[in-house]
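Here is the naming used below: chain letters follow the sequence lines, and residue numbers restart at 1 for every chain. None of these values were measured; they are calculated from a predicted model.
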Protein chains: 2
Amino acid sequence: MASGEDEPRNCAVCGDRATGYHFHALTCEGCKGFFRRTVNKSTSLICPFAGSCKVNKAQRRHCPACRLQKCLDAGMKKDMILSAEVLALRRARQVQRRAQQASLQLSKEQKALVQILLGAHTRHMGTMFDQFVQFRPPAHLFIHHQHLPPLVPELSLLMHFADINTFMIQQIIKFTKDLPLFRPAWGNPEEGD
Amino acid sequence: MASGEDEPRNCAVCGDRATGYHFHALTCEGCKGFFRRTVNKSTSLICPFAGSCKVNKAQRRHCPACRLQKCLDAGMKKDMILSAEVLALRRARQVQRRAQQASLQLSKEQKALVQILLGAHTRHMGTMFDQFVQFRPPAHLFIHHQHLPPLVPELSLLMHFADINTFMIQQIIKFTKDLPLFRPAWGNPEEGD
DNA sequence: TCAAGTTCACAGCGTTCA
DNA sequence: TGAACGCTGTGAACTTGA
């Protein structure tokens, strides 16, 4: 621009020095934090005065209700505040990043965990598909489906799938029970199986 | 100004050491407490003397009337004293927080985990059963099974169950991938999906 | 780099009790 | 009465993810 000066950029809410766009409006750090905090608390604010308090740098703390209203008037958008779920996910990932940085190599405990998973898999998952032939009606009847037995009712197919599903779920449960991670610390310790 | 020293900050009412702004004026702890108590009692005070008593640290207790007057002259504002209504609300919240903490203490981490699970569920599990009708053959054909179309081959049933199983497994995988616990820190970082 | 969230010391209310 | 304390809101400085 023609002016030699940097653009001053004042907060659209209180006129303090703005630090950028926050929730879709040019604001200062104070109004940015105020907006997030106040919206997240979601308690309705009521102005104790006429509802038209001055909101400037010196007086912005005096009436939160009018400050919030001016935030909204300035165009700040509530739905640009990240939801609790997104933040929870981000924090969970952070924890994992930290853990990953802490140990780049497979530790002794981690190798042990791999052994546990491997063992559980071979015990319950590895042979799973081999046992499908045991269910009613035998699966091999349908492998050579060119000469289907004409009297097998549709229900027996249902039975077969029910058996397969039941068995798979059982195996998955057995597999899972072999993993110590699935007996979490915050679980109900009184409950048995 | 005498720039060498830290600002001493004297009470605007009695000259004692000020501890900050209280009710919109720079005062000591004594005048702060006096102002709140006196205004809350709301009994009109009358100076037994000429109404122009000295108010300093040594003599401030002698004439409450003149002390209160000097408080007001110093700019202390009555309406910055929190109303009984507001205090009742605050105390109620305190009691509630205490009770909540004492009884069932869902920690911040646990609430975050609930958010993650809830989000993953609504994204991948919530609508799962609604989509079964999209698979071949349409499920509604079998809901009114009293007049089955005679030409539907048994294989279409197989197709239908295969579709359902495929879809369910896919959804379960998607659901699981949304849980950061299933992207463990010791995982291979080079591997993509 | 920008714009989200996070951190943390501080300000200013009320409360307590010697 | 007032020094010490607890609680909540504030905002400058910072970290982080796209």
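- Counting non-hydrogen atoms under 4.0 angstrom, B:R17 reaches nothing in the nucleic acid.
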Would A:Q171 and A:M168 count as a side-chain contact (heavy atoms from CB on, under 4.5 Å) here? Give the steps. CA-CA 5 Å; A:Q171 293 305 103; A:M168 285 177 69; 5.8 Å; no
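- For the atom pair A:C66 SG and A:K54 NZ, the distance stands at 11.0 Å (nearest 0.5 Å).
- Between the C1' atom of C:dA4 and the NZ atom of A:K78 lies a distance of 19 Å, rounded to the nearest Å.
- Residues from residues 40-60 of chain A lying near DNA chain D, meaning a heavy-atom separation below 4.0 Å, are A:K41, A:R60 in numerical order.
- As a whole-Å value, the separation of A:F35 CZ from C:dT6 P is 16 Å.
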Give every donor-acceptor pair under 3.5 Å between a side-chain atom in residues 32-51 of chain B and any protein atom, sequence neighbours left out.
residue: B:K32; atom: NZ; partner: B:E29; partner atom: OE1; Å: 3.2
residue: B:T38; atom: OG1; partner: B:F34; partner atom: O; Å: 2.6
residue: B:N40; atom: ND2; partner: B:R36; partner atom: O; Å: 3.4

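- At a cut-off of 3.5 Å, with distance as the only test, a side-chain donor of A:Q94 or A:R98 sits close to an acceptor on the other residue.
- Taking the salt bridge (charged side-chain N to carboxylate O under 4.0 Å, His left out) definition, one finds that A:K57 meets it with A:D16, sequence neighbours left out.
- Nucleotide C:dG12 holds its C1' atom 13 Å from the OH atom of B:Y21, rounded to whole Å.
- Remark: P of C:dG5 and NE2 of A:H22 are 11 Å apart, rounded to the nearest angstrom.
- Within 4.0 Å of A:G33, counting heavy atoms only, lies no atom of the nucleic acid at all.
- The span of DNA chain D lying next to chain A, judged by atoms under 4.0 Å from heavy atoms, is bounded 5' to 3' by D:dG9 to D:dG17.
- We find the NE2-CD1 distance between A:H121 and A:I116 to be 15.5 Å, quoted to the nearest 0.5 Å.
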Sub-3.5 Å pairs of nitrogen or oxygen atoms, protein against nucleotides 15-18 of chain C:
residue: C:dT15; atom: OP1; partner: B:R91; partner atom: NH1; Å: 2.0

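- Taking only side-chain atoms of A:R90, from C-beta outward, the nucleotide of C:dG14, C:dG5, C:dG12 with the closest atom is C:dG5.
- For B:R123, the salt bridge (charged side-chain N to carboxylate O under 4.0 Å, His left out) partners two or more places apart in sequence, or in a different chain, are A:E85, B:D178.
- A straight line from CZ of A:R61 to C1' of C:dA11 spans 8 Å, rounded to a whole angstrom.
- To the nearest 0.5 Å, atoms OH (B:Y21) and CZ (B:R9) are separated by 7.0 Å.
- For the atom pair CD of B:Q69 and SG of B:C53, the computed distance is 11.5 Å after rounding to the nearest 0.5 Å.
- B:L72 is listed as a side-chain neighbour of B:K78, based on a closest heavy-atom distance under 4.5 Å.
- Counting heavy atoms from C-beta on, the side chains of B:R60 and B:C11 never come closer than 4.5 Å.
- One interatomic measurement links the two molecules: CZ of A:R93 to P of C:dG5, which rounds to 17 Å at whole-angstrom precision.
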